[in-house]
Amino acid sequence: MNLEPTNSTAAAINGAGPADEGGAADDGMYHRLGHLTRMLHDALRELGYDQELSDVRANLPDARDRLSYIAKMTGDAAEKVLNAVDRARSVQEETADHARRLRMRWDAVEAFTEGGTPPGSRTTPAGAELVQETCAFFAALDKQADATNAILTDIMLAQDFHDLTGQVIRKVVNLAQTLEEQLIRLLVETTPPELRKKPEAPGLQGPVVNAEGRDDVVTDQAGVDDLLASLGF
Amino acid sequence: MNTDARFLIVDDFSTMRRILRNLLKEIGFNNAEEAEDGAVALNMLRNGKYDFVVSDINMPNMDGFALLKNIRADDGLKHLPVLMVTAEAKKEDIINAAQNGASGYIVKPFTKATLEEKIEKIFQKLSGQA
């Protein structure tokens, strides 16, 4: 988006005609913009919105951390699923290999039971039926292994949500960063130093989403246990 | 297809790199390495022997477009096939990739069949040129 002022825009703001275009028009436009900005600052302060803006700004880093936490947790979850898919595929391949080896042996058994004089006399009818059923089962296992592998591929591909949502989260985090910087500038310009309040202690915060640089939180259960032990519990 | 081809997968998300590596393996390509952005990839390409690049676009340090331009501007790399696999679905991005010499373009999310088809098409085109 192009936000550069154009001559026609400046002229419209100043109410000037084409004859006034040029440097004088730009000066007038910037003067008016400055005046509007000052009015906005004064209005914000008089209406008490400076505090609200301050609160919003104070919450933005926490919002960013929470989004980053979501990105990390979803990423970890995706990795866990991929690990599980790898393990399942390995088990599946092992089972399929074993089934293929057994099938070859059962095919030989089937050929043997179908022989004899008269044909089929080497086993009972129930035995022949069992052999045929077993051979058919092993033959079907190959197709089932392929189907299972296709499902595992689908599960693996579904983990691309981490990439897709992660990119969106990254954009929102960057946007929050920009917004925070702009709010800080606005607050610095609108709030007199004597009116700036010290932040109040926060209440319960839920999971710690960013423990880096903080010594008032623990990062894992070992930290909890160590802390309790140091207190004699 | 040349199943001995050496692939370089470029994506800033480790999950996606892993998915692509597994998919390539399923398709029959067991020889793949990974880079987390364009800058790392370019360094690997200039110091190694690769046959095929599969690259994301939106990455830190050096994005996929910059990587593509660098590859096409490098005498030693310019003939390398580069398949873009990205969430960027804007027409101008797709056109930009094509104009800068991308060999193919896949929009995420994608399927194994799509990846296989694009790679096969690129290899067919290469063998036709040879």
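Each chain gets a letter, A, B and so on, in the order the sequences are listed, and its residues count up from 1. Model, not experiment: these values are computed from the prediction.
Side-chain contact between Pro109(B) and Leu157(A) is absent, with no heavy atoms from C-beta onward closer than 4.5 Å. Residues Gln167(A) and Glu88(B) have side chains in contact (heavy-atom distance under 4.5 Å, counting atoms from C-beta outward). Annotation: side chain of Arg18(B) is in contact with side chain of Asp86(A) (closest heavy-atom distance under 4.5 Å). Annotation: side chain of Arg170(A) is in contact with side chain of Asp12(B) (closest heavy-atom distance under 4.5 Å).
Nearest heavy atom pair, residue Thr15(B) against residue Ala78(A), reads CG2-CB, 3.8 Å. The two residues Phe110(B) and Asp160(A) have their closest heavy-atom pair at N-OD2, 4.2 Å.
In this structure, chain B has no heavy atom under 4.5 Å from any part of Asp154(A). Contacts between Asn83(A) and chain B at a heavy-atom distance below 4.5 Å involve backbone atoms as well as side-chain atoms. Leu82(A) touches chain B through backbone and side chain together, each having a heavy atom under 4.5 Å away. There is no contact between Leu20(B) and chain A, counting heavy-atom distances below 4.5 Å.
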Practice prompt. Decide yes or no on side chain to side chain contact (heavy atoms under 4.5 Å, CB included) for Glu26(B) and Leu152(A), but give the supporting numbers first.
Written response: CA-CA 11 Å; Glu26(B) 283 184 34; Leu152(A) 289 172; over 6 Å; no
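More than 12 heavy atoms of other residues, nucleotides or ligands sit less than 6.0 Å from atom CD of Glu181(A).
Atom CG of residue Leu164(A) and atom CZ of residue Phe13(B) lie 8.5 Å apart, to the nearest 0.5 angstrom.
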